[in-house]
K.L.:
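First the structure, which I've put down as structure tokens, then a few questions once you've had a look.
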Amino acid sequence: MKKILSVVGARPNFIKIAPVAKAFKKYRKEAKHILCHTGQHFDKRMSEIFFDELQMPKPDHHLGVGGGSHAEQTARIMLKLEQVLADEQPDLVIVPGDVNSTLAASLVASKMGIPIAHVEAGLRSFDKTMPEEINRIVTDVVSDFLFVTEHSGMHNLRDEGVEDDKIFFVGNTMIDTLESNYDAVESCPITKEMGLTQGKYIVATFHRPSNVDDRENLSALMAMLVRLAKERTLVFPVHPRTLKNIESFGLSDTIPKTLKLTEPMGYIPFLSLMRYAELVITDSGGIQEETTYMGVQCITVRKNTERPVTIDVGTNHLVGISMEKVEKAAMDILGGVTKPGRIPELWDGKAAKRIAQIIMEHKK
Ligand code: UD1
Ligand code: UDP
């Protein structure tokens, strides 16, 4: 019996691992899949809601680490996870994405000599000021199975000297989740409930430290959204990091009611909101991919993206961080200058099945 332990901690991790946990059910006679939640994200709307909506098994272990500086958070996860791995003695640890939980788990497992599978390997922004870039690079260096979502990931890993027999182009498990929930997404009544006209509103999300941790940058961003809200209804589900900063920078009073700020939303309602939007403006990683899959126009407010397929093939527009440029790009799209997109190769809802099969058929 193979024992496989997946480590998740932050919102995008849950969405990426749900289909992987499901795919291992097919092998229940030969493999036991265990889930460990680090507790990096802990609010109901950032964590539990996804386990319920996506019918994920409850975590077998919960480390309850919460927030903190990078060193504090990573170190707390490492200390607690080391004990879990010592008790469980898994044959393989699976880590999705690029968050601090991914990094911490990779470091602990590699030092304990446990093989590691990285789901979403090889993505590179080539910007080491982003904590995620450090997390990705370190995780890939110590991983034994590198499961890649897009061609750029294969090239990046090869350029870094990773052996070909460790790299597997399998597709995108975040898209597996979307594909398997698409009917629910399309029939969700959220737009009606919020009084929105389909195809005539904008959705925004922001949580990157470079956009929201600096008072000036966040003020300029909010002012730009307020201007766009004069053109179209604009819905902005606010990430806890962003909410804390809006409050601590004293910006709450500057936001007019025309900007619809909401709490973080559940998966199905949020995806449905994006599905029927005219435009999504974001700095999220996963949302660049989901909008590409759904063919919805997306503006990414960043200088770079580790997901170039969403630009080259999909509907993503990378416009940098000048708010004038973002506003101009948004106005162009609202004026009908849109980009046709295609669904990238292997984003077909079967990535997790491929991952489980590769792991189960591997000799180790
Ligand atoms: C983390 C990831 C980022 C990912 C994002 C997804 C790292 C370095 N960053 O960023 O790559 O894109 O998750 O959303 O791992 N907080 C709450 N409640 C929660 C979660 C967070 O109040 O449920 C607060 C924390 O206490 C902290 C802040 O939000 O003050 C940031 O949380 P943290 O997990 O450190 O980073 P994120 O910005 O969420
Ligand atoms: N998401 C959600 N509700 C929200 C905002 C985002 O369900 O209010 C989903 C989003 O559709 C995607 C994932 O959360 O599946 C992305 O998480 P986030 O943007 O926090 O992280 P990133 O992808 O940038 O690491």
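Just so it is clear, the structure is predicted and the values come from calculations on it, not from any experiment. Computed over heavy atoms, backbone and side chain alike; hydrogens, waters and symmetry mates excluded.
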K.L.:
Identify the residue among Gln288, Glu120, Glu150 that makes a side-chain hydrogen bond (donor to acceptor under 3.5 Å, both in side chains) with Arg307.
P.N.:
Glu120
K.L.:
side-chain contact (heavy atoms from CB on, under 4.5 Å) between Ile359 and Ile94: does it pass, once the steps are laid out?
P.N.:
CA-CA 10 Å; Ile359 288 172; Ile94 300 183; 4.0 Å; yes
K.L.:
Mind checking whether Val119 and Val93 sit in one hydrophobic cluster, side chains of I, L, V, M, F, W, Y counted as touching below 4.5 Å?
P.N.:
no
K.L.:
Name each donor-acceptor pair under 3.5 Å that joins a side chain in residues 326-345 to protein atoms two or more places apart or in another chain, with its distance.
P.N.:
| unit_1 | atom_1 | unit_2 | atom_2 | d |
| --- | --- | --- | --- | --- |
| Glu327 | OE1 | Arg227 | NE | 2.7 |
| Glu327 | OE1 | Arg227 | NH2 | 2.8 |
| Glu327 | OE2 | Arg227 | NE | 3.3 |
| Lys328 | NZ | Asp332 | OD2 | 2.9 |
| Lys339 | NZ | Ile311 | O | 2.7 |
| Lys339 | NZ | Asn316 | O | 2.6 |
| Glu345 | OE1 | His151 | NE2 | 2.7 |

K.L.:
Can you tell me which residue among Met46, Arg45, Arg11 is in a side-chain contact (heavy atoms from CB on, under 4.5 Å) with Pro240?
P.N.:
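That would be Met46; it is the only one of Met46, Arg45, Arg11 passing the side-chain contact (heavy atoms from CB on, under 4.5 Å) with Pro240.
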K.L.:
If you define the side chain from C-beta out and look only at heavy atoms, does anything of Met323 sit under 4.5 Å from Val301?
P.N.:
yes
K.L.:
Establish whether Met174 and Val7 are linked, either directly or via other cluster members, by ILVMFWY side-chain heavy-atom contacts under 4.5 Å.
P.N.:
no
K.L.:
Less than 4.0 Å between a side-chain N and a carboxylate O, is that true for Glu263 and Lys44?
P.N.:
no
K.L.:
Angle class for the Phe168/Phe147 ring planes (parallel below 30°, perpendicular above 60°, tilted otherwise)?
P.N.:
tilted
K.L.:
Take Ile114 and Leu5 through the test side-chain contact (heavy atoms from CB on, under 4.5 Å) and record every step on the way to the result.
P.N.:
CA-CA 10 Å; Ile114 305 168; Leu5 189 146; over 6 Å; no
K.L.:
Should Leu157 and Asp140 count as side-chain neighbours, where that means a heavy-atom distance under 4.5 Å?
P.N.:
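In short, these two side chains touch, coming nearer than 4.5 Å.
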K.L.:
With respect to Gln40, which candidate in Asn13, Thr102, Asn100, Thr74 satisfies the side-chain contact (heavy atoms from CB on, under 4.5 Å) definition?
P.N.:
Asn100
K.L.:
Taking C-beta and beyond as the side chain, do Thr262 and Val235 meet within less than 4.5 Å on heavy atoms?
P.N.:
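With C-beta onward as the side chain, the pair touches.
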K.L.:
Checking Asp60 side chain against Leu35 main chain: does a donor-acceptor pair fall under 3.5 Å?
P.N.:
yes
K.L.:
Just by modelled atom types, is the Thr300 backbone N or O under 3.5 Å from a matching donor or acceptor in the Thr282 side chain?
P.N.:
no
K.L.:
For Lys166, does the NZ atom have more than 12 heavy-atom neighbours from other residues, nucleotides or ligands under 6.0 Å away?
P.N.:
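Above 12, so yes.
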K.L.:
Quick check: do Asp213 and Phe249 have side-chain heavy atoms less than 4.5 Å from each other?
P.N.:
no
K.L.:
Heavy atoms only: give me the nearest Glu306-Leu123 pair and the separation to one decimal.
P.N.:
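Closest pair (atom of Glu306, atom of Leu123, distance): O-CD2, 3.3 Å.
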K.L.:
Under a 4.5 Å cut-off applied to non-hydrogen side-chain atoms, are Ser101 and Val8 in contact?
P.N.:
no
K.L.:
Any idea which heavy atoms bring His207 and Thr242 closest together, and the distance?
P.N.:
CA-OG1, 3.6 Å
K.L.:
Rounded to the nearest 0.5 Å, what's the gap from NZ on Lys192 to OG on Ser272? Could you check?
P.N.:
12.5 Å
K.L.:
Report yes if the side chains of Leu271 and Asn181 come closer than 4.5 Å at any heavy-atom pair, otherwise no.
P.N.:
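Not touching, per the 4.5 Å side-chain cut-off.
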K.L.:
Just say parallel, tilted or perpendicular for the rings of Phe206 and Phe236, cut-offs at 30° and 60°.
P.N.:
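Plane angle over 60°, so perpendicular.
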K.L.:
Can you check salt bridge (charged side-chain N to carboxylate O under 4.0 Å, His left out) on Glu186 and Arg275, steps first, answer last?
P.N.:
CA-CA 7 Å; Glu186 292 209 299; Arg275 161 71 179 84; 2.7 Å; yes
K.L.:
Taking 4.0 angstrom as the limit, do Asp91 and Lys2 come out as a salt bridge?
P.N.:
no
K.L.:
Decide side-chain contact (heavy atoms from CB on, under 4.5 Å) for Met194 and Leu273; before the verdict, give the C-alpha distance in whole Å, the side-chain angles of both, and the deciding distance to 0.1 Å.
P.N.:
CA-CA 10 Å; Met194 292 183 76; Leu273 200 61; 4.0 Å; yes
K.L.:
Could you measure the distance from the CD1 atom of Ile137 to the CG atom of Leu103? Nearest 0.5 Å is fine.
P.N.:
11.0 Å
K.L.:
Is a salt bridge present between Asp159 and Arg124, judged by a nitrogen-to-oxygen distance below 4.0 Å?
P.N.:
no
K.L.:
Would the number of heavy atoms belonging to other residues, nucleotides or ligands and lying under 6.0 Å from CD of Glu193 be above 12?
P.N.:
yes
K.L.:
Is the side chain of Arg76 donor-acceptor paired with the backbone N or O of Gly67 at a distance under 3.5 Å, no angle test?
P.N.:
yes
K.L.:
Working to the nearest 0.5 angstrom, can you tell me the gap between His37 NE2 and Leu63 CG?
P.N.:
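One gets 9.5 Å once the value is rounded to the nearest 0.5 Å.
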K.L.:
Could I get the full list of side-chain contact (heavy atoms from CB on, under 4.5 Å) partners for Thr191, not counting sequence neighbours?
P.N.:
Leu196, Gln198, Tyr201, Tyr276
K.L.:
Any side-chain heavy atom of Thr291 within less than 4.5 Å of one from Ile287?
P.N.:
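Heavy-atom side-chain distance check passes, below 4.5 Å.
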K.L.:
Counting only N and O atoms by type, is there a donor-acceptor contact under 3.5 Å from the side chain of Thr197 to the main-chain atoms of Lys200?
P.N.:
no
K.L.:
Is it true that the side chains of His118 and Ser106 contain a donor and an acceptor less than 3.5 Å apart?
P.N.:
no
K.L.:
Under the side-chain contact (heavy atoms from CB on, under 4.5 Å) rule, collect the residues that match up with Glu247, sequence neighbours excluded.
P.N.:
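By the side-chain contact (heavy atoms from CB on, under 4.5 Å) rule, Glu247 matches Leu243, Ser252.
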K.L.:
May I ask you to decide whether Glu88 forms a salt bridge with Lys32, counting only side-chain N to carboxylate O separations under 4.0 Å?
P.N.:
no
K.L.:
Rounded to the nearest 0.5 Å, how far does OG1 of Thr38 lie from CE of Met78?
P.N.:
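That separation rounds to 13.0 Å.
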K.L.:
Looking only at atom types and distance, does a side-chain atom of Asn172 sit under 3.5 Å from a main-chain N or O of Ala351, one as donor and one as acceptor?
P.N.:
no
K.L.:
For the pair Phe51 and Phe14, name the ring-plane relationship: parallel under 30°, tilted 30 to 60°, perpendicular over 60°.
P.N.:
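Ring orientation, 0 to 90° scale: tilted.
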K.L.:
Check whether any side-chain heavy atom of Leu228 lies under 4.5 Å from a side-chain heavy atom of Ile281, and answer yes or no.
P.N.:
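Yes, their side chains come closer than 4.5 Å.
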K.L.:
Say whether Met224 and Val203 are linked into one hydrophobic cluster, either directly or through other cluster members, by side-chain heavy-atom distances under 4.5 angstrom.
P.N.:
no
K.L.:
With rounding to the nearest 0.5 Å, note down the distance linking CD1 in Ile175 to OG in Ser180.
P.N.:
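So the CD1 of Ile175 and the OG of Ser180 are separated by 11.0 Å.
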K.L.:
If you count the non-hydrogen atoms of other residues, nucleotides and ligands that lie under 6.0 Å from CD in Glu30, is the total more than 12?
P.N.:
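Correct, the count exceeds 12.
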K.L.:
Using distance alone, with no hydrogens and no angle criterion, decide if Gln83 and Asp87 have a side-chain donor and acceptor under 3.5 Å apart.
P.N.:
yes
K.L.:
Of all heavy-atom pairs between Ile190 and Pro269, which one has the smallest distance, and what is that distance?
P.N.:
CG2-O, 3.5 Å
K.L.:
Give a yes or no on whether a salt bridge exists between Arg354 and Asp176, defined as a side-chain N under 4.0 angstrom from a carboxylate O.
P.N.:
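Salt bridge absent between Arg354 and Asp176.
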K.L.:
Using the rule that two of Ile, Leu, Val, Met, Phe, Trp, Tyr join whenever any of their side-chain heavy atoms come within less than 4.5 Å, decide whether Ile202 and Leu221 are in one cluster.
P.N.:
yes
K.L.:
Atom CG in Asp144, atom CD in Glu163: separation rounded to 0.5 Å?
P.N.:
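Taking CG in Asp144 and CD in Glu163, the distance rounds to 10.0 Å.
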K.L.:
Begin with the C-alpha distance, continue with both residues' side-chain angles, and end with the deciding distance and a verdict on side-chain contact (heavy atoms from CB on, under 4.5 Å) for Ser125 and Arg136.
P.N.:
CA-CA 10 Å; Ser125 65; Arg136 292 180 198 115; 3.9 Å; yes
K.L.:
Has the side chain of Glu133 got a donor or acceptor atom that lies under 3.5 Å from a matching backbone atom of Met130?
P.N.:
no
